[in-house]
Undergrad: 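Submitted below is the structure of interest, expressed as structure tokens.
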Amino acid sequence: SSSESVGEKLDYKITGIDPGAGIMQATEKAIDEYGLEDWTVTSGSSAAMTAALKKAYDAEEPIIVTGWTPHWKFAEYDLKYLEDPKGVYGGEEEIHTIGRLGLKEDMPEAHQILSNFNWSEDDMGAVMIEIKDGEKPEVAAQNWIDANPEKVAEWTDGVEKVDGDKIKLAYVAWDSEIASTNVMKLVLEDIGYDVTMSQVEAGPMWTAVADGSADASLAAWLPLTHATYAKEFDGKFEDLGISMTGVKIGLVVPTYMEIDSIEDLAK
Ligand SMILES: C[SH](C)CC(=O)O
């Protein structure tokens, strides 16, 4: 009923994603810093979170999800970030590409392309939307590559072809990184690499690059989101550069909900 608080309506649960994601660590911190001791963040997956969001939104029911930009959900639904006056979720974040130590010596061509990789929210969004609408990730990625040869050429111009060298890209099944990793897989295959994509959770992704069992990852969110991993593995990975700026994480709700700030959850 309308007299219930949002906490009572939601049984004090925030719908989260895979454990170990930076946004999950940030949400635990937010629960602490905003005094939300009755609240918990449920862990699951990016796909389960978007399914729960669709179900609640279609029924115009309350829901709070751990959300991020870029993501197709903002094109699909009327959503807003809850204000975060304590800055727990950081401000503008960046997506970085990280590589194992030794990558430059072992695979100079891949190192060059991975370091050159950058694209816009619209570029990523085009791939994410096609996948959301049911297209296979690799097909959606190929469609984008076919439509953006000049962008891909910025990454690959001047890079020599290779002859079947094996390379492993670790990533987490966030819609944003499913898009970027599928594009990079095809670009590296065009140069002659035999590419394996390894889908893991955030902690194992950083661990794989740090211990060299993966060659690179396009799914590092910095400076704040993955700060704990970057610190834990400081000196054990190479930051190959920023592939996208102006990204963001936070608590996201449908605009039909009256709450505007994380502080409103404490009431
Ligand atoms: C879910 S965001 C793409 C990244 C993160 O929170 O670790």
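Sequential numbering from 1 along the given sequence is applied to the chain's residues. First listed ligand is number 1; within each ligand, the first listed atom is number 1.
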Undergrad: State the atoms of ligand 1, each with its element, that fall below the 4.0 Å cut-off from a heavy-atom position in Thr225.
TA: 4 (C), 5 (C), 6 (O), 7 (O)
Undergrad: Which part of Ala202 is near ligand 1, with near meaning a heavy atom under 4.0 Å away: side chain, backbone, both or neither?
TA: neither
Undergrad: Considering heavy atoms of the protein only, find what lies nearest to atom 1 (C) of ligand 1 and give residue, atom and distance to 0.1 Å.
TA: Ile17 CD1, 3.4 Å
Undergrad: For His226, counting its heavy atoms only, list the atoms of ligand 1 lying under 4.0 Å from any of them.
TA: 4 (C), 5 (C), 7 (O)
Undergrad: Write down the atom of Val247, the atom of Pro70, and the distance for their closest heavy-atom approach.
TA: CG1-CD, 3.5 Å
Undergrad: Quick one: look at Met24 and ligand 1, take heavy-atom pairs under 4.0 Å, and tell me if it's side chain, backbone, both or neither.
TA: neither
Undergrad: Taking the six-membered ring of Trp221 as reference, does the NZ or CZ atom of Lys248 fall below 6.0 Å from its centre and within a 45° cone about the axis?
TA: no
Undergrad: Work out which heavy atom in Thr97 is nearest to a heavy atom in Ser243; give both atom names and the distance.
TA: OG1-CB, 4.2 Å
Undergrad: Quick test of your reading of the model: are Glu154 and Lys151 salt-bridged, counting only N-O distances below 4.0 Å?
TA: yes
Undergrad: With nothing but distance in play, are any N or O atoms of Gly22 less than 3.5 Å from an N or O of ligand 1?
TA: yes
Undergrad: Please name the residue in the list Val195, Ile167, Asp106, Leu114 that meets the side chain to side chain contact (heavy atoms under 4.5 Å, CB included) test with Asp215.
TA: Ile167
Undergrad: From atom 3 (C) of ligand 1, work out which of Trp206, Trp221, Tyr229 has a heavy atom at the shortest distance.
TA: Trp221
Undergrad: Between Tyr81 and Phe74, is the ring centroid distance below 6.0 Å?
TA: yes
Undergrad: Is there any N or O on Ile23 that sits under 3.5 Å from an N or O of ligand 1?
TA: yes
